[in-house]
Every structure is written in C-alpha cells, then in structure tokens.
2 protein chains.
Amino acid sequence: MIKHEKAIETLRLKGHRLTPQRLIVLSTIASGDGHMGVDEVFQAAKKAYPYMDIATVYRTLHLFKELGVVTEVAIGDRLHFELTDPEGHHHHMVCRACNGAFNLSPHYLAEFRETLNKEFGFEPDLEHFAVSGVCAKCQEADRKSGGNQG
Amino acid sequence: MIKHEKAIETLRLKGHRLTPQRLIVLSTIASGDGHMGVDEVFQAAKKAYPYMDIATVYRTLHLFKELGVVTEVAIGDRLHFELTDPEGHHHHMVCRACNGAFNLSPHYLAEFRETLNKEFGFEPDLEHFAVSGVCAKCQEADRKSGGNQG
DNA sequence: CAAGTTATTGCAACCGTTTGCGATTACTAA
DNA sequence: TTAGTAATCGCAAACGGTTGCAATAACTTG
Ligand SMILES: [Mn+2]
Ligand SMILES: [Mn+2]
Ligand SMILES: [Zn+2]
Ligand SMILES: [Zn+2]
C-alpha cells in the first residue's frame, strides 16, 4: 500500500495530473498480484469509478509504463500489466496451452543480447520479454492424452 | 516461378481447393522478395482480382502457413509473410527505427531453447522468431542527431 | 457435360486496442 | 476562492485482425 506513494510522487514530479482514474488504475494493479489483463483492470476499476472508460485505462497504463511504474507483458495476444518489480527485471515464459506465466531471470537472455550486439551491432529490445511455448505440465498432459502422435 | 508448382501440389494433395484467390495470393507472395505485410499482399492481389477480400487474404495466408508454404513473421505489431525458405529456418532482427529486417541463423537461439528445456522443461516457440531492436545503422544515426543523451 | 456436395468466398459484425475531438476537470496563479 | 489554462477525459470512430453466415463455386461422380 505504500508503493502507491512512490508512483504518485513520480506522476507529480513529471507534471502529470493526479486524476481519480489514474489513482484507481494504480491501486487496482497494486492490489492484484502478478499480471493483470487490461479487461481485468478495467472491470475492477469500473467498480470503484463507474464512468471509467476502457480508453482511459489503456492511456493510463501506457503512461505508467512510460514512467516505469508498470511493466507490459504480452501474454498470448493480449496485453497484461504488472507493477514494476523493484527487485529487478525479469522475463517470462508463457504457456500457450494453459496461459500460465513463469518468471525468468534476465541472465538467460544476457548472452543472447551480447552476441547480437557484438556480431551485428544490433541492440535487441529484451527489457521485459515474454517467450511463448508449452510448459512442462502441459507437455506431460498432452503426452498422456495423445497430443500429436497418438 | 516453379516454386508455385510445389505449393499447388501440396494444396491439392491435402484436399484443398484451387481457387483463383489462393493462386493469386500465392503468386503475389512468390513474386515479392522477402517479407510482405498483409496489406501489401492484399493490395497487390486486388489488382489481379478486384473482388479479393481482406478476410480471404488472411484465411489464405493462415492456410499456407499451416501447410508450410509460407512463414509468418511478426514485425512491429503487424503480421508479415514470406515464402518458406527451402534452405532452412531462420529468425529475424527487426529494427524498430527503420523497420529493416535482417535474417538471423537459428544457432543463435538454439542454446537459449536448450537451457529453457533443461532447466524448466519449457519448450519455447522459436520456429520463426522476430526480435525487435535497433540496428547498427540507426543507432549511429541516432547518436549523431542526439538521440537520448544530448 | 450436368447435378450434387461441401469447401470457400464476400460481407458484415465483432474483437482488443488506438486515436481524434469536443467537453470536463486538475492544477496554477491571482 | 476564483478564474484561466492546458491536460485529461468520455465517447465514438477507426485500426489490424478474426469469425459467423448465407451465397457461391470448385470439385466429384455419373
Ligand atoms: Mn513480470
Ligand atoms: Mn524470414
Ligand atoms: Zn501450461
Ligand atoms: Zn534500423
């Protein structure tokens, strides 16, 4: 609950207005644990503030992302957001079968980034990366029920 | 021009119908070089067949993808398609500044895949992967014109 | 070649997300 | 406390992409 304070301070310092909509989206994200889909945020926020519009939710989340307050994660083909992890960056493995999202330490991608950098001069966007795939559990379930080779 | 034949044969063998729409989308993709955005394909195809609908283009491209005839690449937030490379898989580095796409040999990601596999049992989707970032040229241009630190 | 079957099409409606715009409201400064 | 202002809002329209459905047309069989 005190993490709000810091985010609010950030808003104010950068000259952004403190509107009820922004405060509600902020506390919605802060009270949920882990990633929230945009519609989850919208529905929860609308309960606290019935005039809330989906466009406002998107604009607010994008602003928060720009300010570093939240982090965007593409899960499946939907956008999700989470409060930025103060412990540091992390990536995700997202299961395309069960939609589960598992955190992944950045060191697993550090080497990949370095290689692209050195060999091609290419600086990849890997700040918060979600790699899609199939998790161990779903692979097993799939194997049992004859997923693709009966 | 002979690569059509193989794709057409594939369609026929799997019991799909040979419609003018499919043949036109196929030759459109085959005559363009490299990735084409969906709208590029649509506009070109519409010239050859004015009734062409965008939904048909999407359905056709998805069918071709399923058959292995074309490969889907997400560039920025738009879908692109290219004739499947008979020389083998490759990935892409896509520059978010100039939209340039550079091919990347699969071995750069092989290790990453193996690590996720061994450590987490996670099987990532990395068949045709596009990593976004900034290419060497654009980094330099950015540096000269004072991109982000004066 | 004609008729029947069914995959495929064009269209329109929809999805999640973004954007333009005129109305509202948070802030600033008297 | 009050205006003045510009940022922000709600709304509606648009975007790229997907989907349901009735009409069409590619194939099959004779
Ligand atoms: Mn995360
Ligand atoms: Mn390619
Ligand atoms: Zn799973
Ligand atoms: Zn570039």
Side-chain angles (χ1 to χ4, degrees), chain A residues 7-26 28 35-67 69-70 72-81 94 96 99 130, chain B residues 7-26 28 35-67 69-70 72-81 94 99 130 132:
Chain A
I8 290 172
E9 192 56 22
T10 304
L11 274 182
R12 173 160 272 139
L13 282 176
K14 294 272 180 73
H16 299 284
R17 294 185 180 170
L18 261 117
T19 65
Q21 290 92 339
R22 285 175 178 168
L23 298 179
I24 283 159
V25 167
L26 181 57
T28 301
H35 324 99
M36 295 186 76
V38 174
D39 197 64
E40 267 181 280
V41 176
F42 176 47
Q43 296 304 333
K46 203 156 57 171
K47 254 172 217 154
Y49 190 84
Y51 293 106
M52 183 75 67
D53 190 84
I54 186 67
T56 300
V57 172
Y58 277 105
R59 283 191 279 231
T60 301
L61 290 172
H62 290 332
L63 172 65
F64 286 176
K65 178 188 167 189
E66 200 184 305
L67 297 177
V69 168
V70 303
E72 182 184 309
V73 189
I75 296 193
D77 51 3
R78 311 264 174 99
L79 298 183
H80 288 232
F81 292 85
V94 179
R96 120 176 80 80
N99 273 328
Chain B
I8 289 172
E9 193 54 24
T10 304
L11 275 181
R12 173 158 273 140
L13 281 175
K14 294 272 180 73
H16 299 284
R17 294 183 181 170
L18 254 91
T19 66
Q21 291 90 337
R22 285 176 177 167
L23 297 178
I24 282 159
V25 167
L26 180 58
T28 300
H35 324 98
M36 295 185 77
V38 175
D39 198 63
E40 266 180 280
V41 177
F42 177 47
Q43 296 305 333
K46 204 158 56 170
K47 255 171 218 155
Y49 190 84
Y51 293 105
M52 183 75 67
D53 191 84
I54 186 67
T56 300
V57 172
Y58 277 107
R59 283 189 281 230
T60 302
L61 290 172
H62 290 332
L63 172 65
F64 287 176
K65 177 187 169 190
E66 202 183 303
L67 297 178
V69 169
V70 304
E72 182 184 309
V73 189
I75 296 194
D77 49 2
R78 310 265 173 97
L79 298 184
H80 288 232
F81 292 85
V94 180
N99 273 327
S132 164

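Chain A is the first sequence line, chain B the second, and so forth, proteins listed ahead of strands; every chain is numbered from 1.
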Subject >> Distance (rounded to the nearest 0.5 Å) between F64(B) CZ and F81(B) CZ >> reply: 11.0 Å
Exercise answer: donor-acceptor pairs, residues 10-21 of chain B side-chain atoms, under 3.5 Å, sequence neighbours excluded:
| unit_1 | atom_1 | unit_2 | atom_2 | d |
| --- | --- | --- | --- | --- |
| T10(B) | OG1 | K6(B) | O | 2.9 |
| T19(B) | OG1 | R22(B) | N | 3.2 |

Original post:
V94(A) and A130(A): which non-hydrogen atoms are nearest, and at how many Å?
Top reply: CG2-CB, 4.2 Å
**OP:** Find the distance between CD (E40(A)) and CZ (R78(A)) and round it off to the nearest 0.5 Å.
**Re:** 11.0 Å
Original post:
Which pairs with one or both residues in residues 51-66 of chain B pass salt bridge (Lys or Arg N to Asp or Glu O under 4.0 Å), sequence neighbours excluded?
Top reply: K65(B)-E72(B)
Original post:
Checking all strands, does F42(A) fall into the base, sugar-phosphate, or nothing category for heavy-atom contacts under 4.0 angstrom?
Top reply: nothing
Subject >> Residue from V70(B), V41(B), L26(B), V25(B) passing side-chain contact (heavy atoms from CB on, under 4.5 Å) with T60(B) >> reply: V25(B)
**OP:** Would you jot down, in residue-number order, the residues of residues 14-26 of chain A having a non-hydrogen atom under 4.0 Å from DNA chain C?
**Re:** R17(A), L18(A), P20(A)
Subject >> Span of DNA chain C in contact with chain A (heavy atoms, under 4.0 Å) >> reply: dG16(C) to dC27(C)
Subject >> Sugar-phosphate only, base, or nothing, as touched by I54(B) at under 4.0 Å among non-hydrogen atoms >> reply: nothing
**OP:** Could you list by number each residue of residues 58-67 of chain B showing a heavy-atom separation from DNA chain D of less than 4.0 Å, or answer none if no residue does?
**Re:** Y58(B), R59(B), H62(B)
**OP:** List in chain and number order the residues that pass salt bridge (charged side-chain N to carboxylate O under 4.0 Å, His left out) with K46(B), two or more places apart in sequence or in another chain; answer none if no residue qualifies.
**Re:** none
Original post:
How are the rings of H62(B) and Y58(B) set relative to one another: parallel (under 30°), tilted (30 to 60°) or perpendicular (over 60°)?
Top reply: tilted
